[in-house]
Amino acid sequence: MPTAADKPRPKPTNRAGLILQDYKGVDSTLCAGCGHDAITSQIIRAFFQYGVEPHRVVKLSGIGCSSKTPAYFLRSAHGFNAVHGRMPSVGTGAILANRHLIAIGVSGDGDTASIGIGQFVHLVRRNVPMIYIMENNGVYGLTKGQFSATADEGSKLKSGVLNDLPPIDCCILAIELGCGYVARSFAGDPKQLVALLEGALAHKGMAFLDVISPCVTFNNHEGSTKSYKHAKETEEPAHEVGFVPFFEQITVDYEEGETRVVEMHDGSRITLKKLDREYNPTVKAEALRAIRAANSGGELLTGLLYVDPSKPDFTELLGMHGRPLATLGTELVRPPRKALDEIMESLK
Amino acid sequence: MPTAADKPRPKPTNRAGLILQDYKGVDSTLCAGCGHDAITSQIIRAFFQYGVEPHRVVKLSGIGCSSKTPAYFLRSAHGFNAVHGRMPSVGTGAILANRHLIAIGVSGDGDTASIGIGQFVHLVRRNVPMIYIMENNGVYGLTKGQFSATADEGSKLKSGVLNDLPPIDCCILAIELGCGYVARSFAGDPKQLVALLEGALAHKGMAFLDVISPCVTFNNHEGSTKSYKHAKETEEPAHEVGFVPFFEQITVDYEEGETRVVEMHDGSRITLKKLDREYNPTVKAEALRAIRAANSGGELLTGLLYVDPSKPDFTELLGMHGRPLATLGTELVRPPRKALDEIMESLK
Amino acid sequence: MSEAKTSELSEKRPAGDITRVINDFSIQVATVNGSGSQSANSVLLRSIFQMGVPVSGKNLFPSNIAGLPTWFTIRASRRGFVARKAEIDFGVAVNAQTAREDAMLVRSGGALLAEASLGLAGIRDDISIYEAPLSDIAAEVSSEARLRKLLANMVYVGILAELLGIEMPEVELAIAKQFPNKRKAIELNLKTVRAGLEFATKNLVKTDPFRVERMDRTRDMIIIDGNSAAALGAMFGGCTVVTWYPITPSSSVVEALTEYMARYRIDPETGRATYAIVQAEDELAALGMVIGAGWAGARAMTATSGPGISLMSEFAGLAYFAEIPAVIWDVQRVGPSTGLPTRTSQGDILSTYVLSHGDTKNILLIPATVAECFRFAQEAFNLAERFQAPVFCMSDLDLGMNNWMSEPFEYPEDIPIDRGKVLTREDLERLGGFSRYLDKDGDGIPYRTLPGTAHSAAAYFTRGSGHNEHAHYSERPEDFTALADRLAKKLETARGEVPPPIADNVEGADVGIIAYGTTHHALEECREQLRSERGLRASYLRIRALPFHRAVRDFIASHRRIYVVEQNRDAQMHALLTLEYPALATRLRPVLHYNGIPIDARFITDSILRQEDKGV
Amino acid sequence: MSEAKTSELSEKRPAGDITRVINDFSIQVATVNGSGSQSANSVLLRSIFQMGVPVSGKNLFPSNIAGLPTWFTIRASRRGFVARKAEIDFGVAVNAQTAREDAMLVRSGGALLAEASLGLAGIRDDISIYEAPLSDIAAEVSSEARLRKLLANMVYVGILAELLGIEMPEVELAIAKQFPNKRKAIELNLKTVRAGLEFATKNLVKTDPFRVERMDRTRDMIIIDGNSAAALGAMFGGCTVVTWYPITPSSSVVEALTEYMARYRIDPETGRATYAIVQAEDELAALGMVIGAGWAGARAMTATSGPGISLMSEFAGLAYFAEIPAVIWDVQRVGPSTGLPTRTSQGDILSTYVLSHGDTKNILLIPATVAECFRFAQEAFNLAERFQAPVFCMSDLDLGMNNWMSEPFEYPEDIPIDRGKVLTREDLERLGGFSRYLDKDGDGIPYRTLPGTAHSAAAYFTRGSGHNEHAHYSERPEDFTALADRLAKKLETARGEVPPPIADNVEGADVGIIAYGTTHHALEECREQLRSERGLRASYLRIRALPFHRAVRDFIASHRRIYVVEQNRDAQMHALLTLEYPALATRLRPVLHYNGIPIDARFITDSILRQEDKGV
Ligand SMILES: Cc1ncc(C[n+]2csc(CCOP(=O)(O)OP(=O)(O)O)c2C)c(N)n1
Ligand SMILES: Cc1ncc(C[n+]2csc(CCOP(=O)(O)OP(=O)(O)O)c2C)c(N)n1
Ligand code: SF4
Ligand code: SF4
Ligand SMILES: [Mg+2]
Ligand SMILES: [Mg+2]
């Protein structure tokens, strides 16, 4: 293997034979320093590391600064920047048309928790196979900084306006509604975020990631609870998240009780190394209690908050054909003449 | 007091000087035996017993058999049968216009949990002072029996169609979102329902009641988990609910530890007599655990599931005028000439 | 309810005269909804149908599940007229709530069969009144309360069979069809019908003129409702994704489709479904799913009614502007708002044509018959994919929920499944690449690729915001104008490809009539009335789609006075014609019917004659 | 971007000639959005304004928060023309991304001030080019990076002041106004402007013809944007409930209202708010709240733009049909779908007029000036309550978000707060009772009571489903028709009460022109061009509301050719006029502008002349 500093080191390729650059999109037009751009980078890295074939991916979003980001990664994947708050239905439709697609939806806290909460609830309930990232900055960035429904009680706008309504915790909601993969992370914690994204890629069913993603222009000031500073100060990882993809046959043995290993359906493994607290993401009640405790304690609890890799996803429930409905031939989608004759007879 | 059987006993009147009949509406056009009619009767009774002045009440609903019922009670109260799933916003507007109004909204499980879940979530989040009853039959009655989002996994339609999606438990949702009065009851349990309704009348802020209300025409068969039979068999009251209105100065002393008394802001008291289990409706986490346990155990846990009489309601948060905005005079709603002059000056 | 001034029959004969009226009368059965009269009425309808007599049935039901008045009218018409007949020749009164009204509605010279306990005997002397203890007779068949209530309806079937001369074997056949392989039900109902019939033979003396006699005008014909026909069309049209949110009167489109698909669209090899049907949480989501599916390559549809269309407005604009195929089946009911959910209307035409904010124009198909429901459902998918646009099929409650006679549907040999301009991996290898929104062929229709296409040049970015030919985000004024103009051009192209109007030009016609959808059926009859009653010759054009086919202009240009007949208040089609042909606008005159009851010939004839007489 | 064929100025003088052009030119500043050029541009605008010269400014910004190109054009016009001027006389190039394009856009004979580092010197020889190291100069004032970026903009203000002869005291005043009681900011900016000015005096030799000279045409005038004006109107109009969901370009309506209300609508006695402003979760909820509030007696409004209007469709139909007052302020942007969120359009007229399924027709008010925003906002509440219907105010981005000169607004003595036909407890005691939907006065407008009215006969039941005069549920055909007809009649009544059109009939005019909204401003200028360039006399009618006032007909009837000028693709007002006056339809000719940039006089003049020349 080439190591000599003098000759140029070839760019590393993944199992799809692609390099990191292949997972990029057009240049971002977001504000310099926007948390969303940081998340975009980790999406690019995760999809590269997992070796996803870009053409199998569909990128979905609603409307907002966050919802613009699908243009900034995976340039060779189809993308759909839909309407505000209704991306879940569009994503559901895409998966119905072609269950082989790997769907990643990027939304904002306004797009999800304000206008979009209804479709979000039903997307979770259906367990549509899709990675759903909520880039959470507590405000409507694109419309210049009004509070969203995830803004914390007591959070202040630059203008001094105070938010006196409680935030909607979409992770709690997702867990209560039966989502099988629920994580919270922070744009300023790339290592954790990448691992959580790879885990999401390995998950069969809906995977929800609530990622705190500071809006440097409208909500990164003192008094904001969604600023880089505040997030850094209050972040409390529930565990150290690692990911071992199915195609890397490393066998590590983990210290007893120190690391929890979650087997994903494709053979990948998520490793959760114990930090200073006990945290069991496989038991709903415990997870919820821990999250609620952290919230009331003003802590930003991050990590894989809840996981259940076993739930059947929506396409299974529907007993859909193994091949994409989108491209089934006439012979499969138009019944034969005798079928019509039979029906006509019955109507005479 | 007249007791002699021979002379006709005068109809009892309440503190408003009205009789029970005064709280009725037009005749119901629902199917004979519909759970909704049973609930209507208890609404009539509760409002009568509490002595509400009908003209101070607004009745709101969406669309559905359940949403028709506001026409069947309190004929002398204004009613508004709005559009499907969007009653919460209409109710919010009405309260904004006149905070003195007592708002009661009647909705169905489709109207609330399917099309209406978004507005429901935000109504709870705002803690709009309003009694919200979800008449829960697990199906869309008015459109002839399709499953709603509260239908239990495994529940069967007459046609044999099976529901394979998990139900949305609106009580859990309401509690998680910070609702200060959350109850579940059953159309077949009039005594409990009346007490819970009176408690709701005494509550300042949003009060949510999820009332199992069998649809005798489309969802009352074997295999349905929302039938009278099934509800009767599985109902597990968390406690025996009683209500002592503020205007009845009875002093009772309750057995130590046997009865929990909740003081409502108007001085009324809700009494919760212990049954075979410990249940503390004032601690979120405990309430949620108990509900979840009951759900997974196939129990229908009824009663006052969670209560917190202290939360400020939406009108307080808005710092609204004490008098109804609807009828403020010109002198209050049109600033004086000098105000305009001042503004014009600043724009020169 | 009847706007009729005069009547074919009463003109010809004074009331009381019992010269026979063969295969040309209407029956109106007044019952309580939820009481099971539906099956009795279908049996009645079928029996007459099986005797070779053209029939039509209209169900006038309340927006309620049980306990309110409901009416079912059956029309037998030897001449094959299937529109609603304004007058009631033969009434059947079973509902106490409305009995007296119902008795009064029967036209003079008509007849009434009444539940004896209602005591209607002698309420009128200008009609034949027959009394029968329907529920008592039913009680003899079954003592079980619930059952007795249901069976009471079958009793009047038996009585009418006797009074009208409907042959018993046909009734038996109809019952068998009504309760497919439900042996017990068949026997019980048959028994009841016989009991009714016996009662009639024993106790009733026929004094009315109406009779059914065997003809041969329904041989090989089918009976089906428009919603089921639409469902069949979707199934044979290769529909793969169906999303919906229940709403009257469209629910049965998807409910029928669900049954048909489960039966005929399971891949025998894998036993898996070649389709997905999803009940969405509301109409916004329903169309959102259809758009996502259409974008990803499915032939996707949803069915709804007015309120749903309104909720779909924003998504409809996205589909129009981002150019995504979608089929929306709108079974129109009376609006605005919740309106009259169980009554018919043609009131969504204008607002749907320009649905959504900004400059939008949509393709609308307007079926008038069950056969067209079957056909248009298939063409809708082809047009949607060919034009990469939402296609709205404007049915209505009368067409969708009532039963209609029809020739059997033909297997769609002539409607190949057309996926439109989709570039495959192979195409891309040949071409090297493509520009999503480039008007390569000069018809305004660009090429698209499906997500998942394994080629590095396949991907493009779809958005509802401004974009250029390469699907890149753009706010450039010239890019926007070019896009807006191409979208307009695309609709121009559509004129040539949507179902053309059907014209019946009468030599030297005095007037022209334009109609569409279910209004068509009353027109056939109206034109005969105009001819027979006034010798007025009327040409007729039936519009079947928007934007207008060029042929529409020619028709208007060739008639001096044109009556545009439709079932809405605001003369919506009249408005669209005015917009399209301002130079001819003054020739157009609206004839409007908007009370929720299906329009009838008499109403149209009278309105036209009134205007003709005014010589306006 | 410029469709201009010719130019007032270049006609008069060859390029290069430096005869002075006083108070009649356009400046276009090209910067990067989020770089703080906004305040610099306002200062520039204000300074000229304070010198008594009529000005207008147009901000052409991207749908993005920071980093993309943005343009600000200032027009000085001694004749008081405030529409966009197609040509750029004086360019300011600061943005590297677009520098060359920006330089090319300057008209021949014009001038360009460029950031030196862009190296644009000598890019053209037909314009005067001035170079200046803007950021270096700013750097001298402040070393702080962020600050420097902001201040760089103030540098060009100083340079232009020198080159154009804008008086420094006015600049100082403008800066003071721009940063109200922010002493530090004022000093810093002033320092920077001076630095720019000094640089110019030292290093630049004026070779361009443009100069600002003191006039007296702006004395006592105000400068305000349409959204703020609308907010003021709402506040003085007695608005009590405001709900909204943020959307460009309407957000600032409610944001301004929030500030004004907090200042002027707190009850001094109680210290409590006499209003409620609620940010809803989406537009469906926003209108739902307005409807609930209007029903319960509030003067309630919401503000939105195209996508919001689409989402409000279902609720709008409810308000129309259940007859509930509601004010919806639509600041139109380019659609369909998300379209161009930061560009202007008049594209929602038609779809909003018939918004929602079924037969609906809405009242629309169309302001053209900030003064009308102030006035119509007040009248909207009166009309909404008088007609118990939704009233849509159709503003647009150009009017709403740009700054306009105006006479100061007058205190609404002449606009009393009119609650319409509301029955109080006292009325009910007098009358004994009432029927909610009875047309007592023959104007189609019924009486209502407010929830909470302490009278046993006050209550009634509101529904979006069929009902009779007593507000009882009804499916009766005759009830529905009566209701539909009364609703139509109500709109007929409205014709007489909405703001009438404003006609300027020219004696023996050759043609008539019809326009509305912001298109108005270009027309003033267009008519002068037609007159001065071709001696063509044009009468002019400005429509201010729908349904049409009777006066509209008279205008059309009295001109042989009428040009209908609007900013949408589908000739939406032209369409509505055609529908309304089919007999006159052929006189109407659309002139359409729909690229998102505010329409300009040159475009209209040329389009009209082209058609006139064709002699069509
Ligand atoms: C129907 C509709 N309403 C309103 C808007 C305006 N709008 C655009 S983005 C946005 C909110 C975005 O907030 P969020 O989802 O948190 O994204 P962020 O910009 O903060 O990343 C709004 C209200 C819209 N585009 N469509
Ligand atoms: C926008 C819209 N979509 C669909 C409908 C049709 N619809 C009427 S009631 C109803 C569901 C009612 O179910 P639920 O709320 O559970 O009330 P229930 O009849 O069961 O009491 C539906 C889908 C409608 N009225 N409006
Ligand atoms: S406004 Fe906020 S959210 Fe939007 S791009 Fe800028 S920093 Fe990011
Ligand atoms: S259908 Fe069901 S919900 Fe509706 S009225 Fe009948 S029983 Fe009640
Ligand atoms: Mg956000
Ligand atoms: Mg229900």
Side-chain angles (χ1 to χ4, degrees), chain C residues 1 62-63 305-307 309-311 313-314 316-318 320-322 332 334-343 345 347-348 350-352 354-361 463-466 475 477-478 480-481 484-485 488 568-570 572 575 578-579 582-583 585-586 588 594-597, chain D residues 1 62-63 305-307 309-311 313-314 316-318 320-322 332 334-343 345 347-348 350-352 354-361 463-466 475 477-478 480-481 484-485 488 568-570 572 575 578-579 582-583 585-586 588 594-597:
Chain C
M1 212 152 80
S63 175
S305 188
I309 293 289
S310 285
L311 286 176
S313 299
E314 187 195 20
L318 174 67
Y320 169 84
F321 193 63
Q332 298 170 91
V334 173
S337 197
T338 304
L340 305 179
T342 59
R343 299 302 159 86
S345 160
D348 298 348
L350 177 55
S351 54
T352 305
V354 298
L355 194 66
S356 208
H357 61 282
D359 289 305
T360 58
K361 284 232 170 69
R463 43 169 70 81
S465 45
E475 293 177 354
E478 55 275 25
F480 184 81
T481 316
D485 291 341
N568 59 58
R569 181 195 70 186
D570 292 342
Q572 299 185 10
T578 303
L579 286 185
T586 50
L588 304 170
Y594 50 95
N595 63 3
I597 310 299
Chain D
M1 211 154 81
S63 175
S305 190
I309 293 290
S310 286
L311 286 176
S313 300
E314 187 196 22
L318 174 67
Y320 169 83
F321 193 63
Q332 297 170 91
V334 173
S337 197
T338 303
L340 305 178
T342 59
R343 299 303 158 87
S345 160
D348 298 348
L350 177 55
S351 54
T352 305
V354 298
L355 194 66
S356 208
H357 61 280
D359 290 305
T360 60
K361 283 234 173 65
R463 44 168 70 82
S465 45
E475 293 177 354
E478 54 278 22
F480 184 82
T481 316
D485 291 342
N568 59 57
R569 181 195 69 184
D570 292 342
Q572 299 184 13
T578 303
L579 287 186
T586 52
L588 304 169
Y594 50 95
N595 64 3
I597 310 298

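Atoms considered below: every heavy atom in the structure, side chains included; atoms not considered: hydrogens, waters and symmetry mates. In what follows, chains are A, B, ... by sequence order, proteins preceding strands, each numbered from 1.
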Please give me the minimum heavy-atom distance between [X] and [Y], naming the atom from each residue.
X      : Y      : result
D:P336 : C:T360 : CB-CG2, 3.5 Å
D:E475 : C:P62  : OE1-CA, 3.1 Å
C:Y594 : D:F480 : O-CD2, 3.3 Å
C:T578 : D:L579 : CB-CD2, 4.0 Å

> When only pairs under 4.5 Å are counted, which of C:V354, C:L311, C:I309 shares the most heavy-atom pairs with chain D?
Replying inline: C:L311

> If you count heavy-atom pairs under 4.5 Å with chain D, which of C:A583, C:G464, C:G596, C:G347 comes out on top?
Replying inline: C:G464

Which answer fits [X], side chain, backbone, both or neither, if we ask what part of it has an atom under 4.5 Å from a heavy atom of chain C?
X      : result
D:T352 : neither
D:L350 : side chain
D:A488 : both
D:S356 : both
D:R569 : both

>> Given 3.5 Å as the limit, does a donor-acceptor pair link the side chain of D:D359 with the main chain of C:D570, or not?
In response: yes

>> For C:F321, give me all partners under ring-ring contact (aromatic ring centres under 6.0 Å, His included), at least two apart in sequence or on another chain.
In response: C:H467

>> Can you tell me which portion of C:Q332 sits under 4.5 Å from chain D's heavy atoms? Options are side chain, backbone, both or neither.
In response: neither

> By a 4.5 Å heavy-atom criterion (distance strictly below it), what part of C:S345 contacts chain D: side chain, backbone, both, or neither?
Replying inline: neither

> If we ignore angles and hydrogens, is there a donor and acceptor under 3.5 Å between the side chains of D:S351 and C:H357?
Replying inline: no

Top contributor to chain C contacts, counting heavy-atom pairs under 4.5 Å, from [options]:
options                        : value
D:P582, D:G339, D:S305         : D:G339
D:A316, D:P341, D:A484         : D:A484
D:S313, D:A575, D:G335         : D:S313
D:L318, D:L340, D:T342, D:T586 : D:L340

>> Under the rule for side-chain hydrogen bond (donor to acceptor under 3.5 Å, both in side chains), what residues qualify as partners of D:R463, not counting sequence neighbours?
In response: none

